[in-house]
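Scroll down for the structure; my scribbles are underneath it.
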Amino acid sequence: MTSTDPDDFTGYSPDTIAIAAGRPPRVPGGPVNTPVVFSSTFHAGTDVGYARTSVATWEAFEETLGLLEGGHCLSFASGLAALSAVLELVPTGGIVVAPDAAYSGTLARLDALQDASRVSVRRVDVADAEALRLACRGASVVIVESPTNPTMEICDLRALVEATRGSGALLVCDNTFATPMGQHPLALGADVALHSATKFISGHSDLLMGALVVTDAELHDSLRRIRNLTGGVPGPMETFLALRGLRTLPLRWRQAQANAMELARRLSAHPAVKRVRYPGLPTDPGHDIAAQQMDGFGAVLAIEPRASATAIDEMCGRTRLWVHATSLGGVESMLERRQRWADEPDTVPDALVRLTVGCEDVEDLWSDLSTALDTLLPR
Ligand SMILES: *Cc1c(COP(=O)(O)O)cnc(C)c1O
(Lines give C-alpha, C1' and ligand atoms only; values in the text may rest on other atoms or scores of the structure.)
Protein backbone atom coordinates (compact mmCIF):
# COMPACT_ATOMS: atom_id res chain seq x y z
CA MET A 1 0.00 0.00 0.00
CA THR A 2 2.70 2.49 0.96
CA SER A 3 4.62 3.75 -2.02
CA THR A 4 8.11 3.44 -0.77
CA ASP A 5 10.80 0.87 -0.94
CA PRO A 6 12.81 1.05 2.34
CA ASP A 7 15.92 1.44 0.20
CA ASP A 8 14.53 4.79 -0.95
CA PHE A 9 15.39 6.15 2.49
CA THR A 10 19.04 5.11 2.61
CA GLY A 11 21.13 8.03 3.77
CA TYR A 12 18.26 10.11 5.15
CA SER A 13 18.31 11.33 8.72
CA PRO A 14 15.73 10.04 11.24
CA ASP A 15 14.23 13.56 11.29
CA THR A 16 13.39 13.17 7.61
CA ILE A 17 12.34 9.52 7.77
CA ALA A 18 9.85 10.22 10.58
CA ILE A 19 8.12 12.68 8.29
CA ALA A 20 8.58 11.26 4.79
CA ALA A 21 8.07 7.50 5.28
CA GLY A 22 4.74 5.68 5.40
CA ARG A 23 3.00 7.82 2.78
CA PRO A 24 0.63 6.66 0.02
CA PRO A 25 1.78 6.86 -3.63
CA ARG A 26 1.95 10.41 -5.01
CA VAL A 27 -0.98 10.45 -7.41
CA PRO A 28 -2.78 13.61 -8.51
CA GLY A 29 -5.78 14.16 -6.28
CA GLY A 30 -4.70 11.36 -3.91
CA PRO A 31 -4.33 11.85 -0.15
CA VAL A 32 -1.01 12.81 1.43
CA ASN A 33 -1.71 10.63 4.48
CA THR A 34 -2.60 6.95 4.48
CA PRO A 35 -6.37 6.86 4.97
CA VAL A 36 -7.87 5.35 8.11
CA VAL A 37 -10.00 2.45 6.91
CA PHE A 38 -12.78 1.41 9.26
CA SER A 39 -13.55 -2.00 7.84
CA SER A 40 -13.03 -5.43 9.36
CA THR A 41 -13.33 -7.17 6.01
CA PHE A 42 -12.64 -6.51 2.33
CA HIS A 43 -14.23 -7.50 -1.00
CA ALA A 44 -12.89 -10.80 -2.32
CA GLY A 45 -10.53 -10.92 -5.27
CA THR A 46 -7.13 -9.93 -3.83
CA ASP A 47 -4.84 -10.96 -0.94
CA VAL A 48 -6.46 -8.37 1.30
CA GLY A 49 -8.95 -10.29 3.38
CA TYR A 50 -9.57 -9.65 7.05
CA ALA A 51 -8.39 -6.82 9.31
CA ARG A 52 -6.73 -9.07 11.91
CA THR A 53 -4.15 -10.03 9.29
CA SER A 54 -3.17 -6.73 7.74
CA VAL A 55 -4.43 -3.17 7.45
CA ALA A 56 -2.98 -0.38 5.27
CA THR A 57 -2.85 2.04 8.21
CA TRP A 58 -0.67 -0.44 10.16
CA GLU A 59 1.66 -0.78 7.21
CA ALA A 60 2.26 2.99 7.08
CA PHE A 61 3.10 3.04 10.79
CA GLU A 62 5.20 -0.13 10.55
CA GLU A 63 7.20 1.14 7.60
CA THR A 64 8.08 4.35 9.43
CA LEU A 65 8.97 2.80 12.80
CA GLY A 66 10.79 -0.07 11.04
CA LEU A 67 12.99 2.38 9.14
CA LEU A 68 13.75 4.38 12.30
CA GLU A 69 14.58 1.25 14.30
CA GLY A 70 16.42 -0.53 11.49
CA GLY A 71 14.26 -3.63 10.95
CA HIS A 72 10.84 -5.04 10.09
CA CYS A 73 8.11 -3.77 12.37
CA LEU A 74 4.86 -5.36 13.59
CA SER A 75 2.31 -3.25 15.44
CA PHE A 76 0.25 -4.51 18.38
CA ALA A 77 -2.66 -3.39 20.54
CA SER A 78 -0.31 -2.44 23.41
CA GLY A 79 3.22 -2.91 24.66
CA LEU A 80 2.06 -5.91 26.70
CA ALA A 81 0.39 -7.46 23.63
CA ALA A 82 3.77 -7.16 21.87
CA LEU A 83 5.53 -8.76 24.86
CA SER A 84 2.95 -11.55 24.96
CA ALA A 85 3.59 -12.33 21.29
CA VAL A 86 7.33 -12.71 21.96
CA LEU A 87 6.66 -14.95 24.96
CA GLU A 88 4.67 -17.30 22.71
CA LEU A 89 8.06 -18.25 21.25
CA VAL A 90 9.23 -19.73 24.58
CA PRO A 91 8.80 -23.53 24.68
CA THR A 92 6.84 -24.88 27.66
CA GLY A 93 9.20 -25.00 30.65
CA GLY A 94 11.68 -22.72 28.89
CA ILE A 95 13.74 -20.20 30.84
CA VAL A 96 13.09 -16.47 30.54
CA VAL A 97 15.64 -14.02 31.96
CA ALA A 98 14.16 -10.70 33.09
CA PRO A 99 15.33 -7.62 35.01
CA ASP A 100 14.79 -7.56 38.80
CA ALA A 101 13.30 -4.08 38.39
CA ALA A 102 11.40 -3.37 35.20
CA TYR A 103 7.99 -2.28 34.00
CA SER A 104 5.61 -3.82 36.56
CA GLY A 105 3.26 -5.19 33.88
CA THR A 106 6.11 -7.11 32.22
CA LEU A 107 7.13 -8.67 35.54
CA ALA A 108 3.52 -9.45 36.51
CA ARG A 109 2.97 -11.16 33.15
CA LEU A 110 6.08 -13.29 33.64
CA ASP A 111 5.06 -14.18 37.21
CA ALA A 112 1.64 -15.29 35.96
CA LEU A 113 3.22 -17.52 33.30
CA GLN A 114 5.60 -18.99 35.87
CA ASP A 115 2.73 -19.64 38.33
CA ALA A 116 0.96 -21.54 35.54
CA SER A 117 4.18 -23.61 34.99
CA ARG A 118 4.32 -22.25 31.46
CA VAL A 119 7.85 -20.80 31.79
CA SER A 120 10.57 -20.49 34.40
CA VAL A 121 11.74 -16.93 35.18
CA ARG A 122 15.22 -15.83 36.31
CA ARG A 123 15.34 -12.28 37.66
CA VAL A 124 18.65 -10.47 37.53
CA ASP A 125 20.18 -7.04 38.12
CA VAL A 126 20.71 -5.98 34.50
CA ALA A 127 23.38 -3.45 35.49
CA ASP A 128 25.52 -6.38 36.76
CA ALA A 129 27.05 -7.74 33.53
CA GLU A 130 28.54 -10.85 35.20
CA ALA A 131 25.29 -11.84 36.96
CA LEU A 132 23.48 -11.33 33.69
CA ARG A 133 25.97 -13.50 31.80
CA LEU A 134 25.46 -16.37 34.26
CA ALA A 135 21.66 -16.00 34.23
CA CYS A 136 21.56 -16.27 30.42
CA ARG A 137 22.88 -19.88 30.42
CA GLY A 138 20.22 -22.17 28.98
CA ALA A 139 17.68 -19.36 28.56
CA SER A 140 15.18 -19.33 25.68
CA VAL A 141 14.45 -15.62 25.86
CA VAL A 142 16.35 -12.80 27.56
CA ILE A 143 14.33 -9.64 28.15
CA VAL A 144 16.07 -6.43 29.16
CA GLU A 145 15.10 -2.83 29.49
CA SER A 146 17.71 -0.12 29.25
CA PRO A 147 17.14 2.31 30.84
CA THR A 148 14.92 0.28 33.17
CA ASN A 149 11.47 1.50 34.20
CA PRO A 150 11.49 3.14 36.75
CA THR A 151 14.91 2.68 38.38
CA MET A 152 16.88 4.04 35.39
CA GLU A 153 19.50 1.27 35.49
CA ILE A 154 21.61 0.88 32.36
CA CYS A 155 22.35 -2.58 30.94
CA ASP A 156 25.55 -2.99 28.94
CA LEU A 157 23.85 -4.21 25.76
CA ARG A 158 27.08 -5.03 23.90
CA ALA A 159 28.27 -7.21 26.80
CA LEU A 160 24.87 -8.91 26.90
CA VAL A 161 24.97 -9.61 23.14
CA GLU A 162 28.44 -11.12 23.63
CA ALA A 163 27.17 -13.24 26.56
CA THR A 164 24.21 -14.66 24.64
CA ARG A 165 25.92 -15.07 21.25
CA GLY A 166 25.59 -18.60 19.93
CA SER A 167 23.48 -19.70 22.93
CA GLY A 168 20.25 -19.81 20.94
CA ALA A 169 18.61 -17.36 23.37
CA LEU A 170 16.45 -14.71 21.78
CA LEU A 171 17.54 -11.28 23.03
CA VAL A 172 14.65 -8.85 23.45
CA CYS A 173 15.38 -5.24 24.35
CA ASP A 174 12.48 -3.11 25.55
CA ASN A 175 13.42 0.21 23.91
CA THR A 176 10.43 2.17 25.23
CA PHE A 177 12.50 4.59 27.34
CA ALA A 178 15.22 5.22 24.75
CA THR A 179 13.05 5.24 21.60
CA PRO A 180 14.65 4.76 18.15
CA MET A 181 15.96 8.32 18.54
CA GLY A 182 18.08 7.36 21.55
CA GLN A 183 19.18 3.75 21.04
CA HIS A 184 19.33 1.07 18.34
CA PRO A 185 19.21 -2.34 20.06
CA LEU A 186 19.12 -4.21 16.73
CA ALA A 187 22.31 -2.52 15.54
CA LEU A 188 23.92 -3.44 18.88
CA GLY A 189 23.01 -7.11 18.20
CA ALA A 190 19.64 -7.66 19.92
CA ASP A 191 17.12 -9.85 18.07
CA VAL A 192 13.99 -7.89 18.96
CA ALA A 193 13.35 -4.24 19.85
CA LEU A 194 10.10 -3.96 21.81
CA HIS A 195 8.11 -0.75 22.24
CA SER A 196 5.20 0.47 24.20
CA ALA A 197 4.14 2.92 21.47
CA THR A 198 1.71 4.25 24.09
CA LYS A 199 4.64 6.31 25.36
CA PHE A 200 7.12 8.47 23.40
CA ILE A 201 6.32 7.09 19.95
CA SER A 202 2.70 8.28 19.94
CA GLY A 203 3.65 11.00 22.41
CA HIS A 204 0.31 12.52 23.41
CA SER A 205 -1.06 10.19 26.14
CA ASP A 206 -4.12 9.45 24.02
CA LEU A 207 -3.81 5.80 22.95
CA LEU A 208 -2.40 2.35 23.72
CA MET A 209 -0.18 0.59 21.18
CA GLY A 210 2.89 -1.61 21.00
CA ALA A 211 5.44 -2.74 18.43
CA LEU A 212 8.12 -5.32 17.78
CA VAL A 213 10.97 -4.66 15.36
CA VAL A 214 13.23 -7.49 14.16
CA THR A 215 15.85 -7.91 11.45
CA ASP A 216 15.37 -11.62 10.78
CA ALA A 217 12.72 -12.31 8.11
CA GLU A 218 11.81 -15.74 9.52
CA LEU A 219 11.34 -14.33 13.00
CA HIS A 220 9.18 -11.58 11.51
CA ASP A 221 7.01 -14.23 9.82
CA SER A 222 6.62 -16.25 13.04
CA LEU A 223 5.66 -13.18 15.04
CA ARG A 224 3.22 -12.08 12.36
CA ARG A 225 1.57 -15.51 12.52
CA ILE A 226 1.42 -15.30 16.32
CA ARG A 227 -0.13 -11.83 16.10
CA ASN A 228 -2.77 -13.12 13.72
CA LEU A 229 -3.59 -16.11 15.93
CA THR A 230 -3.51 -14.34 19.30
CA GLY A 231 -5.31 -11.29 17.93
CA GLY A 232 -3.59 -8.49 19.87
CA VAL A 233 -3.89 -6.11 16.92
CA PRO A 234 -4.24 -2.32 17.06
CA GLY A 235 -7.31 -0.45 15.85
CA PRO A 236 -7.08 1.76 12.75
CA MET A 237 -7.68 5.00 14.67
CA GLU A 238 -4.94 4.23 17.21
CA THR A 239 -2.51 3.40 14.43
CA PHE A 240 -3.30 6.61 12.58
CA LEU A 241 -2.76 8.67 15.74
CA ALA A 242 0.45 6.81 16.58
CA LEU A 243 1.89 7.57 13.15
CA ARG A 244 0.79 11.18 13.45
CA GLY A 245 2.63 11.33 16.78
CA LEU A 246 5.69 9.55 15.37
CA ARG A 247 6.07 12.32 12.75
CA THR A 248 7.15 14.72 15.51
CA LEU A 249 9.11 12.27 17.69
CA PRO A 250 12.50 13.77 16.71
CA LEU A 251 11.34 17.30 17.60
CA ARG A 252 9.61 16.28 20.83
CA TRP A 253 12.54 14.11 21.81
CA ARG A 254 15.12 16.88 21.51
CA GLN A 255 13.09 19.34 23.56
CA ALA A 256 12.11 16.80 26.24
CA GLN A 257 15.66 15.47 26.51
CA ALA A 258 17.20 18.93 26.88
CA ASN A 259 14.60 19.73 29.56
CA ALA A 260 15.36 16.46 31.37
CA MET A 261 19.12 17.13 31.44
CA GLU A 262 18.61 20.60 32.90
CA LEU A 263 16.11 19.38 35.49
CA ALA A 264 18.40 16.49 36.49
CA ARG A 265 21.19 18.98 37.20
CA ARG A 266 18.97 21.27 39.23
CA LEU A 267 17.30 18.41 41.12
CA SER A 268 20.75 17.09 42.13
CA ALA A 269 21.24 20.36 44.05
CA HIS A 270 17.77 20.50 45.65
CA PRO A 271 17.98 19.94 49.44
CA ALA A 272 14.74 17.89 49.52
CA VAL A 273 16.13 15.35 47.03
CA LYS A 274 18.30 12.52 48.34
CA ARG A 275 19.05 10.89 45.01
CA VAL A 276 18.62 11.55 41.29
CA ARG A 277 18.96 8.82 38.66
CA TYR A 278 19.47 10.11 35.13
CA PRO A 279 22.08 8.53 32.86
CA GLY A 280 22.99 11.97 31.49
CA LEU A 281 24.51 13.01 34.83
CA PRO A 282 28.28 12.27 34.70
CA THR A 283 28.04 10.97 38.29
CA ASP A 284 25.28 8.47 37.47
CA PRO A 285 26.38 4.79 37.78
CA GLY A 286 25.00 4.11 34.28
CA HIS A 287 26.51 7.18 32.61
CA ASP A 288 29.60 5.67 30.95
CA ILE A 289 27.80 2.72 29.37
CA ALA A 290 24.82 4.87 28.38
CA ALA A 291 27.20 7.33 26.70
CA GLN A 292 28.68 4.46 24.66
CA GLN A 293 25.47 2.80 23.55
CA MET A 294 22.91 5.61 23.50
CA ASP A 295 22.48 8.71 21.44
CA GLY A 296 21.44 11.10 24.22
CA PHE A 297 19.99 10.06 27.57
CA GLY A 298 16.23 10.34 27.22
CA ALA A 299 13.54 12.24 29.04
CA VAL A 300 12.73 10.11 32.10
CA LEU A 301 14.40 10.49 35.46
CA ALA A 302 13.92 9.07 38.94
CA ILE A 303 14.31 10.98 42.19
CA GLU A 304 14.08 9.98 45.84
CA PRO A 305 12.83 12.86 47.93
CA ARG A 306 13.72 12.94 51.65
CA ALA A 307 10.19 12.46 53.01
CA SER A 308 7.58 9.86 53.91
CA ALA A 309 5.53 8.15 51.21
CA THR A 310 2.44 10.10 52.28
CA ALA A 311 4.25 13.45 52.15
CA ILE A 312 5.67 12.57 48.72
CA ASP A 313 2.24 11.61 47.37
CA GLU A 314 0.87 14.93 48.63
CA MET A 315 3.78 16.78 47.02
CA CYS A 316 2.98 15.10 43.66
CA GLY A 317 -0.57 16.42 43.96
CA ARG A 318 0.61 19.99 44.57
CA THR A 319 2.07 20.71 41.13
CA ARG A 320 0.16 22.77 38.63
CA LEU A 321 1.88 21.95 35.31
CA TRP A 322 3.28 18.52 36.14
CA VAL A 323 0.46 16.02 35.91
CA HIS A 324 0.14 13.60 38.84
CA ALA A 325 -0.56 10.46 36.80
CA THR A 326 1.04 7.26 35.63
CA SER A 327 2.52 6.59 32.18
CA LEU A 328 5.22 8.54 30.37
CA GLY A 329 6.46 9.85 27.05
CA GLY A 330 3.76 12.45 26.38
CA VAL A 331 4.28 16.13 25.53
CA GLU A 332 3.03 16.88 29.04
CA SER A 333 5.35 16.34 32.02
CA MET A 334 4.12 13.83 34.61
CA LEU A 335 5.21 12.51 37.96
CA GLU A 336 4.23 9.79 40.38
CA ARG A 337 5.61 7.76 43.27
CA ARG A 338 5.78 4.31 41.76
CA GLN A 339 5.20 2.36 44.97
CA ARG A 340 1.66 3.78 45.13
CA TRP A 341 0.89 0.74 42.92
CA ALA A 342 0.49 -2.63 44.65
CA ASP A 343 2.19 -4.61 41.85
CA GLU A 344 5.37 -2.48 41.76
CA PRO A 345 8.36 -4.78 42.46
CA ASP A 346 10.02 -4.53 45.92
CA THR A 347 13.29 -3.60 44.20
CA VAL A 348 11.86 -0.11 43.56
CA PRO A 349 12.54 2.21 46.53
CA ASP A 350 9.45 3.39 48.42
CA ALA A 351 10.31 7.07 47.88
CA LEU A 352 11.13 6.80 44.17
CA VAL A 353 9.27 9.34 42.05
CA ARG A 354 9.41 8.83 38.31
CA LEU A 355 9.47 12.06 36.34
CA THR A 356 8.67 11.99 32.64
CA VAL A 357 9.72 15.27 31.14
CA GLY A 358 7.64 16.79 28.38
CA CYS A 359 8.04 19.69 26.00
CA GLU A 360 6.94 22.64 28.15
CA ASP A 361 9.30 25.53 28.92
CA VAL A 362 11.99 24.27 31.29
CA GLU A 363 11.86 27.35 33.57
CA ASP A 364 8.12 26.89 34.02
CA LEU A 365 8.65 23.20 34.78
CA TRP A 366 11.38 23.94 37.30
CA SER A 367 9.45 26.66 39.05
CA ASP A 368 6.43 24.35 39.46
CA LEU A 369 8.45 21.31 40.57
CA SER A 370 10.87 23.09 42.91
CA THR A 371 7.98 24.91 44.61
CA ALA A 372 6.29 21.54 45.28
CA LEU A 373 9.58 20.00 46.50
CA ASP A 374 10.22 22.98 48.81
CA THR A 375 7.11 21.98 50.79
CA LEU A 376 8.99 18.80 51.84
CA LEU A 377 11.76 20.78 53.57
CA PRO A 378 11.68 20.98 57.39
CA ARG A 379 10.39 24.34 58.56
C1 LIG B 1 4.32 1.04 29.52
C2 LIG B 1 5.41 0.07 29.30
C3 LIG B 1 5.15 -1.21 28.79
C4 LIG B 1 3.75 -1.71 28.54
O5 LIG B 1 3.14 -1.04 27.49
P6 LIG B 1 1.54 -0.86 27.35
O7 LIG B 1 1.44 -0.11 26.08
O8 LIG B 1 1.10 -0.10 28.56
O9 LIG B 1 0.96 -2.22 27.30
C10 LIG B 1 6.23 -2.05 28.57
N11 LIG B 1 7.49 -1.66 28.82
C12 LIG B 1 7.78 -0.43 29.32
C13 LIG B 1 9.20 -0.07 29.59
C14 LIG B 1 6.75 0.47 29.57
O15 LIG B 1 7.05 1.67 30.08
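Whatever order the structure lists them in is the order used to number ligands and atoms, beginning at 1. The structure displayed is predicted, hence computed values, not measured ones.
Near D174, meaning under 4.0 Å from one of its heavy atoms, ligand 1 places the atoms 10 (C), 11 (N), 12 (C), 13 (C). Close approach of ligand 1 to S78 (heavy-atom distance below 4.0 Å) involves ligand atoms 7 (O), 9 (O). Using a 4.0 Å cut-off to heavy atoms of M209, the atoms of ligand 1 that qualify are 7 (O).
By the 3.5 Å distance cut-off applied to N or O atoms, E145 is not counted among the residues near ligand 1. Not one N or O of L208 is nearer than 3.5 Å to an N or O of ligand 1, by distance alone.
With C73 as the partner, the side-chain contact (heavy atoms from CB on, under 4.5 Å) test is satisfied by one option alone out of H220, E62, H195, E63: E62.
E153 and R277 are joined by a salt bridge, as a carboxylate oxygen and a charged side-chain nitrogen come within less than 4.0 angstrom of each other. The existence of a salt bridge linking R266 and E363 is confirmed by a sub-4.0 Å separation between a basic side-chain nitrogen and an acidic carboxylate oxygen. Salt-bridge formation is not detected for the pair R320/D364: no Lys NZ or Arg NE/NH1/NH2 atom is positioned less than 4.0 Å from an Asp or Glu carboxylate oxygen.
Here the shortest heavy-atom distance to atom 9 (O) of ligand 1, taken over L207, T106, L80, belongs to L80.
Within the 4.5 Å cutoff, the side chain of V97 has no heavy atoms near those of the T164 side chain.
If you look at K199 next to ligand 1, the close heavy atoms, those under 4.0 Å, all belong to the side chain.
At the top of the distance list for atom 7 (O) of ligand 1, counting protein heavy atoms only, stands T198 OG1, 2.6 Å.
In summary, the side chains of S205 and E332 do present a donor paired with an acceptor at a separation below 3.5 Å, with no hydrogens or angles considered.
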